[in-house]
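Throughout, numbering of the chain's residues begins at 1 and tracks the sequence. In listed order, ligands and their atoms are each counted from 1.
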Amino acid sequence: MNGFRRKKAFVVTIDGPAGSGKSTVAKRAALETGLRYLDTGKLYRAIALYLSRQSIPPVESENLKGILSRLSLKLEDDVVLVCGQDVTNEIHTPAIDSIVSLYAALPSVRERLLDLQRMQAEAPGLVADGRDMGSVVFPDADLKIYLTADSRERARRRYLEQSAKGDEISMEKALSIVLSRDETDSRRTIAPLVIPEGAVVLDTTGVPPEEVTDEVVRLMKETYRRKSEEDLADVR
Ligand code: DC
């Protein structure tokens, strides 16, 4: 964060369902504060793209574990590379939207991504968005946020995003994808979407992203000040 001098990474997690505004807000908050932005959905999407292209079904197996352990997956700033190939522009499509949760529910997929995500937490820190950031990946995060919004509004946001990109999708289809992803993400047995313990819950229904970002940045600064004072008190 601008002016942040802690040696330890300052970790902010933003979890929530599809279309709750996580990525827009996390990206803006990271930019405003000079921290790194980590979009973990991108990693799940890249794996779903790779496995589906190889015709590997979303079913747990020893074969899948082997494939994942050999798979080269890298994050370079905003770019995600699978086997050295940049797939960033191929992972935000309705086709990937409709299958990604099935792959994300597999224990071996989640296991494969755990260390990769944790390794990104270097000083000065990061703003990480996903479904299990505050509950599983960074349970000791400095600040945990949970964003939510009414499902019709979340579907409308996805519909507008996809239409702007020229993808053919109806509002009904967008709503059904959002609802089925909510269902799969919240009901899976491993790392389900939950409100992490200690998280600040913000409902973004009808609230412009700039306002949500302002509130998140305010919480980040307040938390950073408090933590820095605690660190100083420990040294004294
Ligand atoms: O945030 P997103 O829509 O790009 O995420 C794509 C999918 O990846 C989402 O349906 C659930 C999964 N996901 C997850 O299970 N855990 C995360 N930390 C991030 C995403």
Measure the distance from [atom] to every protein heavy atom, then report the residue, atom name and distance (to 0.1 Å) of the closest one.
| atom | answer |
| --- | --- |
| atom 2 (P) of ligand 1 | Arg181 NH2, 3.6 Å |
| atom 19 (C) of ligand 1 | Thr40 OG1, 3.4 Å |
| atom 12 (C) of ligand 1 | Ala104 CB, 3.7 Å |
| atom 18 (N) of ligand 1 | Asp132 OD1, 2.9 Å |
| atom 1 (O) of ligand 1 | Arg131 NH1, 3.0 Å |
| atom 8 (O) of ligand 1 | Tyr44 CB, 3.4 Å |
| atom 4 (O) of ligand 1 | Arg45 NE, 2.7 Å |

Using modelled atom types only, decide if a donor and an acceptor are shared between the side chain of [X] and the backbone of [Y] within a distance under 3.5 Å.
| X | Y | result |
| --- | --- | --- |
| Thr205 | Asp150 | yes |
| Asp15 | Met133 | yes |
| Lys22 | Arg131 | no |
| Thr40 | Asp129 | yes |

With heavy atoms of [X] as the reference, note each atom of ligand 1 found under 4.0 Å away.
| X | value |
| --- | --- |
| Arg110 | 14 (C), 15 (O), 16 (N), 17 (C) |
| Gly130 | 17 (C), 18 (N), 19 (C) |
| Met133 | 18 (N) |
| Asp185 | 9 (C), 10 (O), 11 (C) |

Proximity flag Ser101 to ligand 1, non-hydrogen atoms under 4.0 Å: yes
Single-linkage hydrophobic cluster Leu116~Tyr37, side-chain heavy atoms < 4.5 angstrom: no
In one Ile/Leu/Val/Met/Phe/Trp/Tyr side-chain cluster, 4.5 Å: Ile169, Met171: yes
Any donor-acceptor N or O pair under 3.5 Å, side chains Ser108, Glu60: yes
Flag for Ser61-Asn63: side-chain donor and acceptor within less than 3.5 Å: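 No, no side-chain donor-acceptor contact under 3.5 Å.
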Under 3.5 Å: N/O of Lys42 near N/O of ligand 1: no
Tyr44 side chain reached by Ser101 side chain, heavy atoms, under 4.5 Å: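 Answer no - side chains too far apart.
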